[in-house]
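Notes for the one structure printed next.
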Amino acid sequence: MRSVVWDKALLAYDLGETHPFNPVRLALTIKLATELGVLEDVELLVPGAAGEDELLRVHAKGYLDAVRDAPGLGADLAHGLGTDDNPVFPDMHEASSLVVGGTLLAAKQIASGAAERAVNIAGGLHHAMPDRASGFCVYNDCAIAISWLLDNGFDRIAYLDTDVHHGDGVQAAFYGDPRVLTISLHQHPRTLWPGTGYARELGAGKGNGYAVNLPLPPGTQDPAWLRAWHAVVPSLLEQFEPQLIVSQCGVDSHAEDPLADLSLSVDGHAAIYRNVRELARRYAGGKWLAIGGGGYQLVRVVPRSWTHLLATVLDRDIPGDTAIPEGWRDFVGGLAPRIELPKAMSDRTDTDFLAWGGDVSDPTDASILATRRAVFPLHGLEPDDPRD
Ligand SMILES: [Zn+2]
């Protein structure tokens with residue numbers, strides 16, 4: 001069984017018309033997936049808002065009160081509310097709690113055995129901190145769901161973050177906790193907000209070795225990204241033996257994304273999702289909780305990439321040469337007449353990659369080796385041996 005969480009009410013997480021985090025990307029994704037038949041016969045699970053007890057797993061009471069009060073009181077900079085990144089918006093507590101409720105519902109589907117995989121494309125707000133909003137994120141649905149899972153039968157959870165930005169909020173939530181292995185691949189912190197996610201950030205105390213960071217140079221394309229992923233992730237999962245994989249599937253790593261400078265394609269994104277599914281099969285008993293994340297090319301990128309995500313979760317993989325349905329193109333063309341709409345589910349890029357061979361021939365290889373040397377010995381793995 002696979003579960004898809006979706007309800008139009010999730011569109012209320014709306015930071016304003018001129019803000020890059022525009023919920024239209026979700027609506028356009030669901031429309032595209034529907035027109036391609038990906039969601040045929042799939043019952044969409046409608047979430048309720050997370051309760052205060054659930055939000056308190058990660059967030060401070062004072063922060064929840066601040067979010068609740070902000071629409072009436074205005075900016076509260078001490079809690080990160082009312083900045084350009086995190087504007088105050090109507091019903092922000094309710095809308096943010098609903099996003100958390102969506103990811104919790106997906107987690108509960110897996111924990112109860114009702115589903116082996118579940119997905120909430122509206123989630124993935126990985127930057128939110130215990131007492132402040134950050135990076136467009138009010139409440140950290142990823143960390144809250146992981147915290148809930150830890151209390152409901154799971155002792156080892158792998159969190160894989162493929163957003164272009166470092167998954168700092170989730171890393172911080174479990175920095176001292178060896179039950180949660182966080183692995184983030186992202187654009188190098190010297191070149192992109194939030195400026196964290198160096199290989200040397202490894203976790204603290206008992207959690208030492210359970211935070212893994214692989215920063216990548218601006219311009220990194222699919223083959224180098226996938227080479228880095230495969231050089232680090234499978235070996236660590238094999239050692240860690242997770243009972244569940246949680247993946248944050250931000251698609252702002254795309255070449256056309258306006259906020260960042262990696263150069264992946266929707267084909268690369270589809271390859272990542274299919275590999276996460278395979279890794280879940282191989283190392284986590286098939287259990288995979290997929291959540292959304294960043295992605296700011298609202299029309300040409302997010303709908304296609306996350307339609308691939310939905311299809312992958314549902315085992316309804318879409319060939320890249322599949323045409324974009326005319327109904328979707330007509331609808332979106334009316335909304336955004338000046339944007340050249342994609343014609344197919346592929347960017348026609350080549351995602352074949354050479355496996356890392358232990359050598360350092362370019363900056364990506366140097367990053368791979370730095371991360372392996374920082375973390376592999378803590379898991380009994382040999383960093384310089386490509387067989388590990
Ligand atoms: Zn991002």
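Predicted, not measured: the structure shown is a model, and the values here were computed from it. FYI, the numbering just counts along the sequence from 1. Counting starts at 1 for both ligands and their atoms, in listed order.
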Do you know which N/O/S atom name in H165 is closest to the Zn ion (ligand 1)? ND1
More than 12 heavy atoms of other residues, nucleotides or ligands under 6.0 Å from CG of D151: yes or no? yes
So D7 and L44, do their side chains get closer than 4.5 Å, heavy atoms only? no
Restricting D252 to its N/O/S atoms, the closest one to the Zn ion (ligand 1) is OD2
Does this structure show an ion pair linking R190 with D261, if we count only N-O contacts that are shorter than 4.0 Å? no
Is D388 salt-bridged to R372, going by a charged N under 4.0 Å from an acidic O? no
Per residue D163, nearest N, O or S atom to the Zn ion (ligand 1) is named OD1
Does H127 put an N, O or S atom under 2.8 Å from the Zn ion (ligand 1)? no
